[in-house]
Protein chains: 2
Amino acid sequence: MTSAVEQNLIEGNKAYSSTFKDGHLALPPSQKYAVVTCMDARIDPAAAFSIPLGAAHIIRNAGGSAREAFRSLVISQQLLGTTEVLVIKHTGCGMLTFDNAAARGVVAKNKGEAAAKEVEELDFLPFPQLEQAVKDDVEWLKGKNVEEGIRVSGWVYEVETGRVRKVE
Amino acid sequence: MTSAVEQNLIEGNKAYSSTFKDGHLALPPSQKYAVVTCMDARIDPAAAFSIPLGAAHIIRNAGGSAREAFRSLVISQQLLGTTEVLVIKHTGCGMLTFDNAAARGVVAKNKGEAAAKEVEELDFLPFPQLEQAVKDDVEWLKGKNVEEGIRVSGWVYEVETGRVRKVE
C-alpha cells in the first residue's frame, strides 16, 4: 500500500519532472563549496542560502554536525574538488534541548530495552550553546590535516526571521 | 575578507528573509516523516520530492547513507515524533565511482601522509550497485529494534530526468 507521504512524493515529483530541464548538470559542484546544516524541517537551504541547483554539496544531519559530516566533506573536497565549507547551525535547534542521558531515557521509555541497548553507545551530539557549537565545529575542521587549504566559516540561521549571520 | 561564496549567501539571504513569513513553524515536522538522501549538488529535495517548509526532516550525506543517518533518524523519530522514512539514492552518484582504497589513495596523493593517516580508518561507504544499495539500507533500518513501527521505503532519483521511482 502507498502511504500518504509516498503519494505526495509521487504526485509532486511528477509535476517537478514534467518541467525539469537540468539533466545536463555535472557531478562536481559548479561553485566548489559545501554547506553543512541541520536536518530541521524549517530550513530550505537552496532558498534561504541562495544555492542554485548544481552549485554546492548540501550535507544535513541532526544539529548540522561537522564531525559527523567529516566523511562527506573529505569526499566533497578530495574527490569532487570543493574548496570551501560553510557550517550553518540554527536557533531553536532540538540539539539544545536534551543531553545523551535524556535521549537514551526517551528511547528506553518509548521502545524498550532492546532498542535502548542499540543506542547506548550512540553519541547524539547534543550541544548546550549555539554559537559555541558553531565555533567548536569550525575549529575542529581547521585542525584536520586533510582540511588544509579549505576555507571554513561558521554561521547561525534564525528560523524565526529567516536571517543568517556569521559567527566565525 | 568575505569570499564570493559568503557574499552570495549574505545577499541571497537578505532577499529571502525580506519576504520570510514562516517564523511560526513548529520544531517537530508537521507531516511526521524524514528523508535520507545524497549531498549531491544536483538534488533539491524540497522541490523534487515536494516537501513544504516545516513538513519533514531532510538528512543528507555522501551517498544518502541510512547507516550514517542513524543518529539523526533516532532523534527524528524518538524525540521529534516522525514515523516514516524515505531513503532516496540517485543515478550518477559519486559513491558508485570509487572504493575505499581508491579514496584513500586520492587523499594521500592530494594532501600527503598526515592527511592520509587521518582517513585510514574512515569507511567512505561507497557502493557498487545503486538499487542494491537502496535495498541494503532499507533492510538495515528494518532490522533495528529502535525502528520498530517506523515505515521505511527506498527510492531512486534520476538526476538526468528529475524523476523518482520506488525500489522497495
Side-chain angles (χ1 to χ4, degrees), chain A residues 3 5-6 8-9 12-13 16-17 20 23 25 27 29 31 33 39 41-42 44 46-50 53-62 71-72 74-75 78-80 84 86 92 94 98 103 106-107 110-111 114-115 118-119 122 124-125 144-146 148 151 153 160-164, chain B residues 3 5-6 8-9 12-13 16-17 20 23 25 27 29 31 33 39 41-42 44 46-50 53-62 71-72 74-75 78-80 84 86 92 94 98 103 106-107 110-111 114-115 118-119 122 124-125 144-146 148 151 153 160-164:
Chain A
S3 73
V5 163
E6 292 175 356
N8 171 68
L9 167 62
N13 178 260
Y16 178 77
S17 61
F20 185 76
L25 293 172
L27 171 58
Q31 292 180 24
Y33 70 104
M39 68 177 180
R42 297 166 293 181
D44 180 350
F49 309 147
S50 188
L53 201 68
H57 284 137
I58 303 177
I59 303 163
R60 302 181 65 175
N61 60 46
R71 177 189 66 95
S72 297
V74 172
I75 292 168
Q78 300 307 316
L79 296 166
L80 292 164
E84 183 165 354
L86 285 66
F98 62 85
V106 170
V107 173
N110 285 355
K111 308 293 290 185
E118 280 175 351
V119 304
L122 194 65
F124 288 88
L125 301 174
K144 289 282 182 188
N145 287 299
V146 71
E148 199 193 319
R151 186 185 174 108
S153 58
E160 302 83 5
T161 64
R163 282 191 211 113
V164 78
Chain B
S3 73
V5 164
E6 292 176 355
N8 172 68
L9 167 60
N13 178 260
Y16 178 77
S17 61
F20 185 77
L25 292 172
L27 170 58
Q31 292 180 23
Y33 70 105
M39 69 177 180
R42 297 165 293 180
D44 180 350
F49 309 148
S50 187
L53 201 68
H57 285 136
I58 302 176
I59 303 162
R60 302 181 66 174
N61 59 47
R71 177 189 67 94
S72 297
V74 173
I75 292 169
Q78 301 307 318
L79 296 167
L80 292 165
E84 184 165 353
L86 285 65
F98 62 86
V106 170
V107 172
N110 285 355
K111 308 292 289 184
E118 280 175 348
V119 304
L122 193 65
F124 288 88
L125 302 173
K144 289 283 181 186
N145 287 298
V146 71
E148 200 193 318
R151 187 185 174 107
S153 58
E160 302 83 6
T161 64
R163 281 190 212 114
V164 78

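Everything numeric in this text was worked out from a predicted model, so none of it was measured. Just so we're on the same page: letters track the sequence lines, and every chain starts at 1.
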Between [options], which has the largest tally of heavy atom pairs under 4.5 Å with chain B?
options                      : answer
A:Leu9, A:Asn13, A:Val146    : A:Asn13
A:Gly54, A:Pro29, A:Ser153   : A:Gly54
A:Glu160, A:Arg163, A:Glu118 : A:Glu118

Quick one: which of [options] has the most heavy-atom pairs under 4.5 Å with chain A, could you say?
options                            : answer
B:Val164, B:Leu80, B:Val107        : B:Val164
B:Ala46, B:Ala115, B:Ala48         : B:Ala48
B:Asn145, B:Asn8, B:Asp44          : B:Asn145
B:Val5, B:Val106, B:Val74, B:Leu79 : B:Val5
B:Phe124, B:Phe49, B:Phe20         : B:Phe20
B:Ser72, B:Gly23, B:Gly12          : B:Ser72

Heavy-atom distances under 4.5 Å only: say whether [X] touches chain B with side chain, backbone, both or neither.
X        : result
A:Glu148 : both
A:Ala47  : both
A:Val119 : side chain
A:Tyr33  : side chain
A:Leu86  : side chain
A:Leu122 : side chain

side-chain contact (heavy atoms from CB on, under 4.5 Å) between A:Arg42 and B:Leu25, worked out: CA-CA 7 Å; A:Arg42 297 166 293 181; B:Leu25 292 172; 3.8 Å; yes

Are [X] and [Y] side-chain neighbours, meaning at least one heavy-atom pair lies under 4.5 Å?
X       : Y        : result
A:Arg71 : B:Leu125 : yes
A:Met39 : A:Asn61  : no
A:Ile59 : B:Arg60  : no
B:Phe98 : A:Ile75  : yes

Over all atoms of both residues, closest heavy-atom pair of B:His57 and A:Ala41: CD2-N, 3.9 Å

Residues in side chain to side chain contact (heavy atoms under 4.5 Å, CB included) contact with A:Ala55, at least two apart in sequence or another chain: A:Ser30, A:Gln31, A:Ile51, A:Pro52

A:Glu6 with B:Arg151: basic N within carboxylate O range, under 4.0 Å: yes

